[in-house]
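A quick write-up on the structure given underneath.
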Protein chains: 2
Amino acid sequence: MDLLTGQTRAFVLHFGEMGSRWGFNRTVGQMLALLTVHGEPLNADQLAEALRVSRGNVSMGLKELQAWRLIELRHRPGDRKDYFTAAGSIWDMARTVFEERRKRELDPTLSLLRQLLLNEPDNEREAAAQEKMRQVYDLLELLDQFANTLSRLDERDLLKLMKLGSGVTRLLELREKVKGGVAGKTDR
Amino acid sequence: MDLLTGQTRAFVLHFGEMGSRWGFNRTVGQMLALLTVHGEPLNADQLAEALRVSRGNVSMGLKELQAWRLIELRHRPGDRKDYFTAAGSIWDMARTVFEERRKRELDPTLSLLRQLLLNEPDNEREAAAQEKMRQVYDLLELLDQFANTLSRLDERDLLKLMKLGSGVTRLLELREKVKGGVAGKTDR
DNA sequence: TAGAATTTTCAAAAATTTCTGAAAGTTCAA
DNA sequence: TTGAACTTTCAGAAATTTTTGAAAATTCTA
């Protein structure tokens, strides 16, 4: 049966195209999209047939999606094949992708910069460059922590925060007032 | 003169590698890194020599960085060459990259999903798929708005917010109390 | 324990992206 | 105008990433 019809088809193909921007290749993007909109678990052959890609490609894609923890293995009684579904809700999925990207896009750079900033600069030019690097480091470090904070919020709070809109400014002012003189308690 | 020494070298090469994860290719990543840590404006020949890439490659890279509005054209008296520097502060840069990525990673998908959700589903399966697509849409829409809100915050507020850490939970509670019965004013 | 069913691996092919460098285009001073 | 100083373009080359599919590995049943 053709699983790739109508809107599902458009959705899956689009996710394939966007895949590269989101950190995976076309096939992986398509697989994730199909498993997401198709409620029932699918096996590797079904995926390969629906997406018209090789069995090997599907196998690698499944491995990658499992590494991201975006899909779950299922078994059906009397069937030896491995079946897979999208793991968790759309929110869970977004959270996972967000977290994984934070790791890939921030951590390596933070770790390099920490290293570099330990060295004494050799000359005037390097000293100036190091100053810039420190600024980059401080910003990325802050971003990383913020991303972490967001990752840890439960869904209710995250939703509240995201819906604040420009109200966030007012809320920050409100905090200033309430907090009064108690100097910058940042609590980690 | 060799601009690529010591820590600057390591920094620039690393940014080249990370480039692809951040949405540009290696040369563009290296160019941006070099222009960022090197305080003074550089011309295309200097960039090509320092990074050991072709003149044509540098020309394309400069065009792309200008399209991102990450670099600025400068002129020096008595010199016909075009010189470039990183535009604005590190914060400005981060903001620009953030904003540009939001556009590339969210907008096309939002626009496709808006389209798809207008159609009546053809059958039961498509209806179920559409329901999932709506969930994806709602989440991405919310994310997009939140990203927008963050983009618009001034540096002071952004800093405050990012430094809140887990304090953000308490702040949200605080809001509940103060707001009292005034039902969900979200203000866009 | 054999062998059928299934999944994984990985070398080579295909597709895609990036880079080069010569040629074409532009700008400016004289 | 001319031509020297620059910059941009873009077809083809090189590098990189993705995909294929046959062979190897694994797992299960009988």
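No experiment lies behind these values; they were computed from the predicted model shown.
- Counting to the nearest Å, the P atom of D:dC6 and the NE2 atom of B:His75 are 11 Å from each other.
- One interatomic measurement links the two molecules: CG of B:Leu51 to P of C:dC19, which rounds to 11 Å at whole-angstrom precision.
- A:Gln46 places a side-chain N or O within donor-acceptor distance of the main-chain N or O of A:Asn43, the cut-off being under 3.5 Å.
- Between the CE atom of B:Met60 and the C1' atom of D:dT9 there is a distance of 9 Å, rounded to whole Å.
- With rounding to whole Å, A:Lys63 atom NZ is found 8 Å from C:dT8 atom P.
- The backbone N or O of B:Ser151 lies less than 3.5 Å from a partner atom in the side chain of B:Arg95, making a donor-acceptor pair.
- The interatomic distance linking A:Lys81 (NZ) with D:dT27 (P) rounds to 17 Å, in whole Å.
- The side chain of B:Ser54 sits closest to C:dG21 out of D:dG21, C:dG21, C:dT8.
- We find that CZ of B:Arg55 is positioned 11 Å from C1' of D:dA5, with the value rounded to whole Å.
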Next on the checklist: As a quick check of understanding, evaluate salt bridge (Lys or Arg N to Asp or Glu O under 4.0 Å) for A:Glu105 and B:Arg101, giving each step before the final call.
Outcome noted: CA-CA 13 Å; A:Glu105 297 178 4; B:Arg101 290 182 70 183; 3.1 Å; yes

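- Summarising the local packing, CD of B:Gln115 is surrounded by 12 or fewer heavy atoms from other residues, nucleotides or ligands at distances under 6.0 Å.
- In this entry the distance linking CZ of B:Arg52 with P of D:dA15 reads 17 Å, nearest Å.
- A salt bridge links A:Arg104 and A:Glu100; the closest N-O separation between the charged side-chain nitrogens and carboxylate oxygens is under 4.0 Å.
- Mapping A:Asp79 and A:Asn57 onto DNA chain C by nearest heavy atom places A:Asp79 at the nucleotide closer to the 5' end.
- Rounded to a whole Å, the CG atom of B:Asp82 is 15 Å from the P atom of C:dT26.
- Residues A:Gln7 and A:Val37 fail the side-chain proximity criterion, which asks for heavy atoms closer than 4.5 Å.
- Not one N or O on the side chain of A:Ser59 forms a donor-acceptor pair closer than 3.5 Å with the backbone of A:Arg55.
- Mapping A:Arg80 and A:Val53 onto DNA chain D by nearest heavy atom places A:Val53 at the nucleotide closer to the 5' end.
- Contact check of residues 16-49 of chain A against DNA chain C (heavy atom, cut-off under 4.0 Å) returns A:Arg26.
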